[in-house]
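Heads up, the thing below is written out as structure tokens.
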Amino acid sequence: MSSQTRKSPVSLNTLTRMKARGERFASLTAYDALFAEIVSSSGIDVILVGDSLGMVLQGHDSTLPVTLDDMVYHMNCVRRGNNGALIMADLPFMSYANEEQSLESAAALMRAGAHVVKLEGGAWLAESTRLLTERGIPVCAHMGLTPQSINRIGGYRVQGRDPNQANDMVAEALILQESGASIILLECVPVELGRTITERLDVPVIGIGAGPHTDGQIMVMHDMLGITPSTIRVPKFVKNFMAEAQDVRGAFEAYAEAVKSGAFPAPEHCFT
Ligand code: KIV
């Protein structure tokens, strides 16, 4: 068995030091104890308990039906299996519509074992981010394509292609960092925008479809295992690591290795 034992648990400081040294880190979603154990002992630094579970586990066509109770349940499962990875958990749709609600919802996820909570949005999250951070709850701000706003955006498409929209996104990322965000996650943006935001920020930036220059990469586990539900179109930024692996652990290890060596994402996984 090739499972790895960690020397020490991954923390936000670990990721900040990795960014300073120019070392890439790998992140993956997991939703239960067994996969959390395999992911976290395969060289993957960050587990996301993502509200993508609404689509890959629950069979919905968006993340909107996922509830805070669902997230707390899966967070508890992942915590039991985790072997030293940093765990982020999504605040689901409408669980952070105002500051007070953000605090209550985030507290529920932290009590269940999350180390960081993830919220989708831009500068409008500044006050909640400040409040959560001041109360001891680290925040990851998810920008670019934000699936909880899919009805406003109008489809799963690249964000920030228009120069004005790109400039706004850089400005909003800086506001969120200034408000205390510990991590920025960028989904589906052009390579150059991913690079600019990563270079302008001191905090680690995780990308999914945001090009090769972000400090870390993330994927939905089912996508990288080649088992995306048939109702969902496989995005361009996905690579199936199971295709050349002997088993699931081998796929996770190959993904971690490809992220750290810079081999993933390749140009065919990126938007220009
Ligand atoms: O919910 C999720 O899995 C996510 C990833 C797509 C980053 O937010």
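Starting from 1, each residue takes its place in the sequence as its number. The analysis underlying the following values was restricted to heavy atoms, covering all of them including side chains, and did not include hydrogens, waters or symmetry mates. What you see is a predicted model; the values in this text were computed from it and never measured. In each ligand, atom 1 is the first atom listed, and ligand 1 is the first ligand listed.
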How would you list, by chain and number, every residue that makes a side chain to side chain donor-acceptor pair (under 3.5 Å) with Arg157, sequence neighbours excluded?
-> none
What part of Asp90 sits under 4.0 Å from ligand 1 if we count only heavy atoms: the side chain, the backbone, both or neither?
-> side chain
Atom 2 (C) of ligand 1: the protein heavy-atom neighbour that sits closest, reported with distance to 0.1 Å = Ser52 OG, 3.3 Å
Can you pull out the closest protein heavy atom to atom 5 (C) of ligand 1? Residue, atom name and distance to 0.1 Å, please.
-> Leu48 CD2, 3.8 Å
Just which atoms of ligand 1 are under 4.0 Å from any heavy atom in [X]?
{"X": "Gly50", "value": "1 (O), 2 (C), 3 (O)"}
{"X": "Thr29", "value": "3 (O)"}
{"X": "His142", "value": "8 (O)"}
{"X": "Asp51", "value": "1 (O)"}

Side chains of Phe25 and Val259: closer than 4.5 Å at any heavy-atom pair?
-> no
Would you call Lys260 and Glu257 a salt bridge, using N to O less than 4.0 angstrom?
-> no
Would you sort out whether Asn76 and Arg79 count as a side-chain hydrogen bond (donor to acceptor under 3.5 Å, both in side chains), showing the intermediate values?
-> CA-CA 5 Å; Asn76 268 307; Arg79 173 179 56 81; 2.8 Å; yes
Answer yes or no for Lys118: is there a heavy-atom contact with ligand 1 below 4.0 Å?
-> yes
Say whether Ser102 and Ser128, considering side chains only, have a donor N or O and an acceptor N or O under 3.5 Å apart.
-> yes
Test side-chain contact (heavy atoms from CB on, under 4.5 Å) on Val72 and Leu109 and set out the steps.
-> CA-CA 6 Å; Val72 168; Leu109 289 177; 4.1 Å; yes
